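Presented below is the structure to which this report refers.
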Amino acid sequence: MESAANKPVTEGTESNIPVTEAWLRKYRFIYEGATRHPFILGIRDGSVDFSSFKRWLGQDYIFVRSFVPFVASTLMKSCKESGNELDMEVILGGMASLNDEINWFKKEASKFHVSLTSVIPQNANIKYCRFLESLMSPEIEYAVAISVFWAIEAVYQESFAHCLEEGGKIPQELQETCERWGNEGFGAYCKSLRDIADRCLNNASPEVISKAEVSFLSVLEHEVEFWNMSVREI
Ligand code: HMH
């Protein structure tokens, strides 16, 4: 915000607002589809089916294992392309939290009697992981990768933070899950990713901004499909 007056007016976007803000306005309905999905609303109001939660748990463990190399590839891009050396620290912090997350999944899976070694990746998950893989190549610009990284984390942060808001009736067994992504520290980390994305997008060419926008939209679509997969019977 503080540098808004210095921002060049980018074709196709409103002037003086950060690019991510323009995207969130433009795609508000689909963003809400991803962050207020029936699966999340069910966790918030306590009506969630535990078999859906267990399905989500097993599938998300697989997803997170694919997310790690994507984040690593973004870290590499930040070292080569970023104009700010603090980016590396934010992304490295993200890698550290993914390390915790993998251990948390293992602990949680044993609590819910889910065998992580026998989870079969479902179609929505396979497609989402393939999408991440397509973004790991060195030809993909840092601005695109960091925008995708932000969007992936932000959807979980907003979704689970919503569960924690006043008036929720989260089943006690799922409280920890909501706190993992809904806590304030995770919110601050997502804000740092968003600020990096906005800085990169602000300096990017219209072509790169468009590529990042298309990828942002793909993230939202994959997230909705991921929740759908968790709710649906296999
Ligand atoms: C599907 N999206 C999915 N899983 C996650 N763990 C996150 C986002 C956030 O890390």
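In this text, all values refer to a predicted model and were calculated from it rather than measured experimentally. Side chains are part of it too, since the values below use all heavy atoms of this structure and drop only hydrogens, waters and symmetry mates. In listed order, ligands and their atoms are each counted from 1.
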*Look at the aromatic rings of Phe63 and Tyr128 and report parallel, tilted or perpendicular, splitting at 30° and 60°.*
tilted

*Could you tell me how the ring of Phe149 sits relative to the ring of Tyr189: parallel (under 30°), tilted (30 to 60°) or perpendicular (over 60°)?*
perpendicular

_Show me the pairs that pass salt bridge (charged side-chain N to carboxylate O under 4.0 Å, His left out) and involve residues 57-83, at least two apart or across chains._
none

*asked:* According to salt bridge (charged side-chain N to carboxylate O under 4.0 Å, His left out), does anything in residues 160-184 pair up with another residue at least two apart or in another chain? List the pairs.
replied: Lys107-Glu176

*Residue pairs involving residues 108-136 (criterion salt bridge (charged side-chain N to carboxylate O under 4.0 Å, His left out); sequence neighbours excluded)*: Glu108-Lys111

*Please check if atom CE in Met95 has more than 12 non-hydrogen atoms from other residues, nucleotides or ligands closer than 6.0 Å.*
yes

Between ligand 1 and the protein, give all atom pairs where both partners are nitrogen or oxygen and the distance is under 3.5 Å, as lines of names plus distance to 0.1 Å.
residue, atom, partner, partner atom, Å
ligand 1, 2 (N), Glu223, OE1, 3.3
ligand 1, 2 (N), Glu223, OE2, 2.7
ligand 1, 4 (N), Asp60, OD1, 2.6
ligand 1, 4 (N), Asp60, OD2, 3.4
ligand 1, 4 (N), Tyr156, OH, 3.2
ligand 1, 6 (N), Asp60, OD2, 2.9
ligand 1, 10 (O), Glu153, OE1, 2.7

